[in-house]
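Worksheet: the structure to be examined is printed underneath.
The model shown is predicted, which means the values in this text are computed figures rather than measured ones.
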Amino acid sequence: VQLQASGGGLVQAGGSLRLSCAASGRTSSTYAMGWFRQAPGKEREFVAVITWNGGTTYYADSVKGRFTISRDNAKSTVYLQMNSLKPEDTAVYYCAADPRSSMVIAGKNAYWGQGTQVTVSS
């Protein structure tokens, strides 16, 4: 499975961005997919995960109520809608995939995409 993330950019605090992650590979639609982020000088942290059929989602407390993860299996793409952005959301965002959502939450997923930079100015 190969993952290609896009949609990052510069936005003012309170603004919104939508990240996309396109997956390739014949089994990608059966995988849980998620997002992580890594700010400068910090460890990579879990953001959100969605199960293969979109039936279950799970978020880090820091983004709950502001971010929404969704997927379109027909397009093999997962999205992260980010609203009410804060300067502390500034990070490189990575998409992740694994057959099991628990592995994504633990950061032990099998596949990683390249990062996309999100910068939130105050």
Side-chain angles (χ1 to χ4, degrees):
V1 175
Q2 293 185 324
L3 306 173
Q4 180 74 36
S6 61
L10 173 64
V11 64
Q12 289 188 332
S16 298
L17 278 176
R18 188 176 81 157
L19 305 183
S20 299
C21 177
S24 62
R26 60 186 182 92
T27 60
S28 60
S29 63
T30 66
Y31 281 29
M33 296 184 71
W35 292 93
F36 283 74
R37 66 186 182 185
Q38 187 168 19
K42 295 187 176 181
E43 294 186 353
R44 188 176 298 187
E45 65 173 355
F46 168 78
V47 175
V49 66
I50 187 167
T51 53
W52 72 272
N53 63 354
T56 302
T57 58
Y58 182 73
Y59 298 91
D61 287 343
S62 58
V63 306
K64 202 172 295 183
R66 300 188 298 121
F67 291 11
T68 301
I69 189 169
S70 62
R71 68 190 295 162
D72 183 343
N73 282 344
K75 297 181 179 179
S76 299
T77 300
V78 64
Y79 305 98
L80 186 68
Q81 178 66 43
M82 306 185 294
N83 299 329
S84 303
L85 283 161
K86 305 175 181 179
E88 51 263 44
D89 294 318
T90 295
V92 177
Y93 283 71
Y94 299 88
C95 55
D98 194 273
R100 293 182 290 174
S101 57
S102 59
M103 296 297 281
V104 174
I105 294 170
K108 297 179 180 179
N109 45 280
Y111 303 99
W112 291 99
Q114 95 294 353
T116 185
Q117 176 71 48
V118 171
T119 303
V120 185
S121 62
S122 58

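Grouped with L10 in a hydrophobic cluster is no other residue, since no side-chain heavy-atom contact under 4.5 Å to another Ile, Leu, Val, Met, Phe, Trp or Tyr is found.
Between S20 and K75, every side-chain heavy-atom pair lies at or beyond the 4.5 Å cut-off. No side-chain heavy atom of S6 sits under 4.5 Å from any side-chain heavy atom of T116.
Taking the six-membered ring where tryptophan is involved, the planes of Y93 and F67 are tilted, since the angle between them lies from 30° to 60°.
Atoms OH and CG, on Y59 and L80 in that order, are 7.5 Å from each other to the nearest 0.5 Å. One finds the CD atom of Q117 at 11.0 Å from the CD atom of Q38 (value rounded to the nearest 0.5 Å). Rounding to the nearest 0.5 Å gives a distance of 4.0 Å between CZ of F36 and CH2 of W112. Of the inter-residue distances, the one linking M33 atom CE with S101 atom OG reads 13.0 Å to the nearest 0.5 angstrom. In this structure, S76 OG and R71 CZ are separated by 8.5 Å, a value rounded to the nearest 0.5 Å. The distance from atom OG1 of T68 to atom CE of M82, rounded to the nearest 0.5 Å, is 11.0 Å.
At least one donor-acceptor pair closer than 3.5 Å links the side chain of T90 to the backbone N or O of V120. Judged by distance alone, with hydrogens and angles left aside, the side-chain atoms of Q114 form a donor-acceptor pair with the main-chain N or O of A5 at under 3.5 Å. Here the side chain of T51 pairs a donor or acceptor atom with the backbone of T56 at under 3.5 angstrom. In this structure, N73 contributes its side chain and W52 its backbone to a donor-acceptor pair below 3.5 Å. R44 contributes no side-chain N or O that, together with a main-chain N or O of V92, makes up a donor-acceptor pair within less than 3.5 Å.
Taking 4.0 Å as the cut-off between side-chain N and carboxylate O, K64 and D61 count as a salt-bridged pair.
The minimum heavy-atom distance between D89 and R66, with the atom names listed, is OD2-NH1, 2.7 Å. Closest approach of L3 to C21, counting heavy atoms only: CB-SG, 3.8 Å. Summarising the geometry of A39 relative to A91, their closest heavy-atom pair is N-CB, 3.8 Å, with the distance given to 0.1 Å. Listed here is the closest heavy atom pair of V49 and A32: CG2-CB, 4.4 Å.
The cationic group of R18 lies under 6.0 Å from the six-membered ring centre of Y79 and within 45° of the ring axis, placing it in a cation-pi geometry.
Within 6.0 Å of CD on Q2 lie no more than 12 heavy atoms contributed by other residues, nucleotides or ligands.
Annotation: side chain to side chain donor-acceptor pair (under 3.5 Å) contacts involving residues 102-111, sequence neighbours excluded, are absent.
Hydrophobic clustering, with ILVMFWY side chains joined whenever heavy atoms are under 4.5 angstrom apart, groups V63 together with W35. The hydrophobic clustering, which links ILVMFWY residues whose side-chain heavy atoms are closer than 4.5 Å, places I50 and L17 together. Transitive grouping of hydrophobic side chains (ILVMFWY, heavy atoms separated by less than 4.5 Å) keeps V104 and V78 in distinct clusters. Cluster membership for I69 and V118, using ILVMFWY side-chain heavy atoms within less than 4.5 angstrom, is shared.
Residues that satisfy the side-chain hydrogen bond (donor to acceptor under 3.5 Å, both in side chains) test with S16, not counting sequence neighbours, are N83.
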